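Structure first, commentary second.
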Amino acid sequence: MKIHEYQAKTLFREAGIPAPGGILAVTPDAAAEAARALGLPVVLKAQVHTGGRGKAGGVQVVSTLADVAPTAARILALTIQGLPVRGILVTPAVDIASEVYLSLLVDRGTRETVFIGCAEGGVDIEQTARETPGKILRLPVEPDRLASLEGDVSTAAFARRLFLDEEQARQATAIMARMARLFVEKDCSLIEINPLVVTGSGDVLALDAKVLLDDNALFRHPELVALRDLDSEDADELAAKEAGLSFIRLDGDIGCMVNGAGLAMATMDTIHHFGGRPANFLDVGGSSDPAKVVTAFRMILQDPKVKVILINIFGGITRCDDIARGILQSLSECDVPVPIVIRLIGTNQAEGRRLLEGARLIPAATLEEAAVKAVEMGGRA
Ligand code: GDP
Ligand code: MN
C-alpha cells in the first residue's frame with residue numbers, strides 16, 4: 001500500500017526523523033489560508049502516489065501570498081503519471097545547501113533488507129543507477145538487527161560516505177537507525193528519502209518521504225489502513241480485493257485466470273517458459289462462485305493489452321461445472337473480443353466440459369498445451 005508524502009512525514013516525525021510539517025489543502029483558498037498560517041515562503045507539493053512531481057510541475061516554491069492560490073489552482077489541475085492531483089501539501093520552504101538520496105528497502109533481487117545511498121540526491125535515482133552505478137552505495141542489514149541500529153558502526157561508516165561533515169554524518173546515522181525501527185514497526189517494504197537535505201544552518205532534514213507498506217501485514221496496523229487513499233489506487237486491484245480475488249496487473253498480453261495462488265504462479269512460469277508474457281496474476285480462489293469468474297473476466301478484459309485469455313482450472317474444492325457456468329455467464333454478459341484457451345480438469349470436469357460444448361473456447365488437455373496455444377495466439381513476448 002502506498003501513502004502520501006504528508007502522511008509519511010507524519011510517521012517520520014513520530015519516529016523522530018526530522019521532516020518539515022505543513023498543512024494539507026484541497027482547494028486554492030485553503031492553500032492560501034495554510035500559507036498565511038505558516039508564513040512565506042512556502043512550497044506547494046502535489047500529493048499523488050508517484051515520484052517525479054518536481055519535473056511535472058507539481059512542486060512549486062511560492063514567496064508571495066498573492067501567488068499561492070493561483071499556483072495551487074495550477075497544481076490541482078495537473079495529472080501526474082496518470083494520477084489527478086487532489087491535494088497539496090503546503091509546507092515551509094527550506095533553504096537547501098545539499099541533497100542526498102537515502103532509502104531502506106527489501107531488495108528482492110538479492111533477498112536482503114538494504115540501505116541505499118547516493119551523495120547526489122534529489123535527482124532520478126534509477127537514472128543514476130543505470131548511468132553511474134558506482135555512485136550508489138549499499139549497506140545490507142540483517143532484518144533482525146533493524147530495530148536496534150542505534151550506535152551501530154556500519155551505519156555510521158555508511159553515513160560518513162554520504163556526508164563529509166562529521167556532525168551531519170552523526171545526524172544521518174541517527175536518522176538511519178530511526179528509519180530502520182520505523183521500517184520494522186510498521187511492516188514497510190520501502191522507506192525512501194529523496195532528497196535528504198542539509199539546510200543552510202547545517203541540519204539534516206527529510207524533505208521528501210515515500211513509504212510503502214506491506215499489504216499482508218496491514219491487519220496488524222489499523223492506524224495505517226486509515227491512511228489508505230482509495231482514489232489513488234489501481235481501481236481493478238481494489239475491485240478484485242472486494243470480490244475476494246487476488247489480482248495483480250503485469251505488463252504482458254496473456255490474461256490469466258487460475259484457481260489457487262501456487263497454480264497461478266506455475267501458470268505464469270509456464271507461459272514464460274514458452275516465450276510469452278502474462279498480463280496479470282489472478283487467483284479466483286478455492287471457492288466455486290460463478291460470480292467471481294464473471295468479475296475476473298471483467299478485470300482481465302479491462303486491460304487493452306490482453307490478446308488472449310488463458311483459463312487454467314485444476315478442480316479440487318473448486319468445481320469445474322461452477323467455473324463453466326461462470327464462463328458461460330461471462331460470455332453472455334461481456335463482449336469478449338479475444339480467444340480463450342481453457343484447460344479444465346478435476347472435480348466435475350465431465351459436467352463442466354459438457355456445459356461448455358459449443359462455446360467459443362479453445363480446449364487444452366494440459367497446462368503445457370494451453371500455454372503453447374496462448375503464446376501462439378499473439379501472446380508472444
Ligand atoms: P519529487 O519530484 O516527487 O521527488 O518531489 P520532491 O519532494 O523530492 O521535490 C522535488 C525537488 O523540489 C527537491 O529535490 C528540491 O530540490 C525541491 N524542493 C522541495 N521542497 C523544497 C523546499 O522546501 N525548498 C526548496 N528550495 N526546494 C525544495
Ligand atoms: Mn523526491
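Here the structure is a predicted model, which is why all the values come from computation and not from measurement. One-based numbering, in listed order, for ligands and for the atoms of each.
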Q) What part of V94, side chain from CB on, backbone N/CA/C/O, both or neither, has a heavy atom under 4.0 Å from ligand 1? A) both
Q.
More than 12 heavy atoms of other residues, nucleotides or ligands under 6.0 Å from CZ of F314: yes or no?
A. no
Q: Starting from the Mn ion (ligand 2), count all protein N, O or S atoms within a radius below 2.8 Å.
A: 2
Q. Below 4.0 angstrom, N of the basic side chain to O of the carboxylate: do E33 and R36 qualify?
A. yes
Q. Around atom CD of E223, are there more than 12 heavy atoms of other residues, nucleotides or ligands at under 6.0 Å?
A. yes
Q: First locate atom CD1 of I3, then atom CG of L224, and finally report the distance between them rounded to the nearest 0.5 Å.
A: 7.0 Å
Q. Should the proximity of T91 to ligand 1, defined as any heavy atom under 4.0 Å, be assigned to the side chain, the backbone, both, or neither?
A. neither
Q: Return the residue, atom name and 0.1 Å-rounded distance of the protein heavy atom closest to atom 4 (O) of ligand 1.
A: D208 OD2, 3.1 Å
(Q) Checking a contact table here: which protein heavy atom is nearest atom 21 (C) of ligand 1, and how many Å away? (A) L207 CD2, 3.5 Å
Q: Could you tell me the residue and atom name of the protein heavy atom closest to atom 1 (P) of ligand 1, and the distance to it rounded to 0.1 Å?
A: R53 N, 3.7 Å
Q. Can a salt bridge be assigned to the pair R111 and D107 using a cut-off of 4.0 Å between side-chain N and carboxylate O?
A. no
Q.
Whether R343 and E369 form a salt bridge (side-chain N of Lys/Arg under 4.0 Å from carboxylate O of Asp/Glu) is what I want to check.
A. no
(Q) For ligand 1 and K45, I'd like to know whether there is a polar contact (N/O to N/O, distance under 3.5 Å). (A) yes
(Q) Tell me whether atom 11 (C) of ligand 1 lies less than 4.0 Å from at least one protein heavy-atom position. (A) no
Q) Ion pair present between K307 and D253, side-chain N to carboxylate O less than 4.0 angstrom? A) yes
**Q.** Heteroatom proximity flag, K55 to ligand 1, N/O under 3.5 Å
**A.** no
**Q.** N or O contact, E5 vs ligand 1, cut-off under 3.5 Å
**A.** no
Q. Near R13 CZ, under 6.0 Å, is it more than 12 heavy atoms from other residues, nucleotides or ligands?
A. yes
Q. Near G51, which atoms of ligand 1 are under 4.0 Å from a heavy atom of that residue?
A. 3 (O)
Q: Flag the pair E120 and K135 as a salt bridge only when some basic side-chain nitrogen lies within less than 4.0 angstrom of an acidic carboxylate oxygen.
A: yes
Q. Identify the closest protein heavy atom to atom 2 (O) of ligand 1: which residue and atom is it, and at what distance?
A. G54 N, 2.8 Å
Q) In Å and rounded to the nearest 0.5 Å, what is the CZ to CG distance from F183 to L146? A) 6.5 Å
(Q) Grouping I, L, V, M, F, W and Y whenever their side-chain heavy atoms are under 4.5 Å apart, do I254 and M268 come out in a common cluster? (A) no
Q) Which atom pair, heavy atoms only, marks the closest approach of V284 to M257? A) CG1-CG, 3.6 Å
Q: For the pair R354 and E351, find out whether any cationic side-chain nitrogen is under 4.0 Å from an anionic carboxylate oxygen.
A: yes
(Q) Looking only at protein heavy atoms, which one is nearest to atom 28 (C) of ligand 1, and what is the separation? (A) I96 CD1, 3.7 Å
Q | S154 side chain to D152 side chain, donor-acceptor N/O pair below 3.5 angstrom | A | yes
Q | ligand 1 to V61 polar contact by distance, N or O atoms, under 3.5 Å | A | no
Q: Could you check atom 16 (O) of ligand 1 against the protein and tell me its nearest heavy-atom contact, residue, atom and distance included?
A: E99 OE2, 2.7 Å
**Q.** Under 4.0 Å to a heavy atom of A93 - the qualifying atoms of ligand 1, by number
**A.** 23 (O)
Q) Which protein non-hydrogen atom lies closest to atom 22 (C) of ligand 1, naming both residue and atom, and how far is it? A) V43 CG2, 3.3 Å
